[in-house]
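Comments concern the structure below.
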Amino acid sequence: ASWASFSLSYFDIAYDGRIEQPSINADRDLVLQREERFPGLVIRQPSAAEAAAFLAADTDGLIDNATATAFDPASQDILAVFPNLVLFDNRVANIAIEGARGLDFKASGELDTAFGALSFGLNLTHTLDHDRRVTPASPAFSLLDEVGKPVDTRVRAKGGWTRGAFGAFVYLNHVDGYRNPFSTPESSIDSWTTVDLSLRIEASELVDAGFFEGVDAMLSVQNLFDNDPPLFRGSLLGVLYDSTNASPFGRYLALHLAKRW
């Protein structure tokens with residue numbers, strides 16, 4: 001016997017008053033270059049009262065001095081130490097408006113052969129647009145195809161073989177390439193393709209009874225060929241990969257044993 005199914009879905013998701021930080025992930029380093037996205041949240045040439053209010057609001061110690069200049073808020077005037085100080089309110093709040101539209105394509109099928117059952121599957125998501133407003137008064141900007149942001153195209157394909165107690169499945173994962181505005185000049189992050197493997201034995205199919213009745217064993221290998229994540233050039237934190245769209249862990253093996261009673 002054989003069968004196949006296909007589906008194509010359209011999604012349109014809208015968020016209003018979303019709880020999050022105005023600047024998230026890697027784009028925090030570009031806030032002053034994209035100041036128009038953050039109306040009312042960036043204060044250039046703050047007054048002494050505004051600077052003091054910012055320091056007083058730091059009740060949990062999250063404001064960190066990442067400069068090479070020493071500063072003691074108890075004994076020094078912050079504007080005297082940092083005359084070019086710019087304040088950015090990046091606190092979590094119900095302010096963001098966000099929307100995403102795209103297509104989901106799925107295909108699956110199975111074919112019986114003399115060598116066992118063959119199966120396949122494909123999941124493809126293509127995001128048409130994913131826009132965000134930091135506040136209701138902000139201009140909309142795209143969240144797609146940039147470091148720390150969603151990628152427009154993702155694919156996961158599967159091929160499988162089963163026969164009696166044995167099964168083998170291989171998965172191909174693909175993340176499309178995208179922009180890297182943090183390097184000078186602007187560059188790009190390469191696409192990333194990895195392969196996963198899963199091998200299964202249902203021992204109860206091999207013996208009539210005894211301890212192995214109901215025993216399953218599965219060996220899984222993620223990133224079979226140990227492909228490194230694409231290089232993220234220009235990272236100010238020294239993290240040379242995009243943690244939103246890639247993993248640094250390389251090949252990963254797991255053995256799962258289960259017994260049913």
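Owing to the predicted nature of the structure, the values given are computational and were not obtained by experimental measurement.
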**Side-chain donor-acceptor pair present, Asn180, Ser187, cut-off under 3.5 Å** =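 Yes, because at least one side-chain N or O of Asn180 sits under 3.5 Å from a partner of the opposite role on Ser187.
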**Message:** Pairing donors with acceptors under 3.5 angstrom, does anything connect the side chains of Thr125 and Asp104?
**Reply:** yes
Please confirm whether the backbone N or O of [Y] pairs with a side-chain atom of [X], one donor and one acceptor, at under 3.5 Å?
{"X": "Ser183", "Y": "Pro185", "value": "yes"}
{"X": "Asp196", "Y": "Tyr171", "value": "no"}
{"X": "Asn227", "Y": "Thr193", "value": "yes"}
{"X": "Gln33", "Y": "Leu30", "value": "no"}
{"X": "Asp226", "Y": "Arg251", "value": "yes"}
{"X": "Asp89", "Y": "Arg91", "value": "yes"}
{"X": "Asn245", "Y": "Pro150", "value": "no"}
{"X": "Arg156", "Y": "Asn123", "value": "no"}
{"X": "Trp192", "Y": "Ser247", "value": "no"}
{"X": "Trp3", "Y": "Ser108", "value": "no"}

**Item:** 4.5 Å side-chain heavy-atom contact, Ile97 and Pro136
**Value:** yes
**Request:** For the residue pair Leu85 and Leu87, establish whether any side-chain heavy-atom pair is separated by less than 4.5 Å.
**Result:** yes
**Item:** Parallel, tilted or perpendicular: ring planes of Phe141 versus Phe38, cut at 30 and 60 degrees
**Value:**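 Rings of Phe141 and Phe38: tilted, 30 to 60°.
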**Asked** Between Phe120 and Phe6, what is the ring plane arrangement, given parallel below 30°, perpendicular above 60°, and tilted in between?
**Response** tilted
**Message:** Check this for me, if you would: do Asp145 and Arg179 make a salt bridge, where the nitrogen-to-carboxylate-oxygen distance has to be below 4.0 angstrom?
**Reply:**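 Salt bridge: no.
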**Asked** Does Glu146 come within less than 4.0 Å of Arg34, counting only side-chain N to carboxylate O?
**Response**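 Salt bridge: yes.
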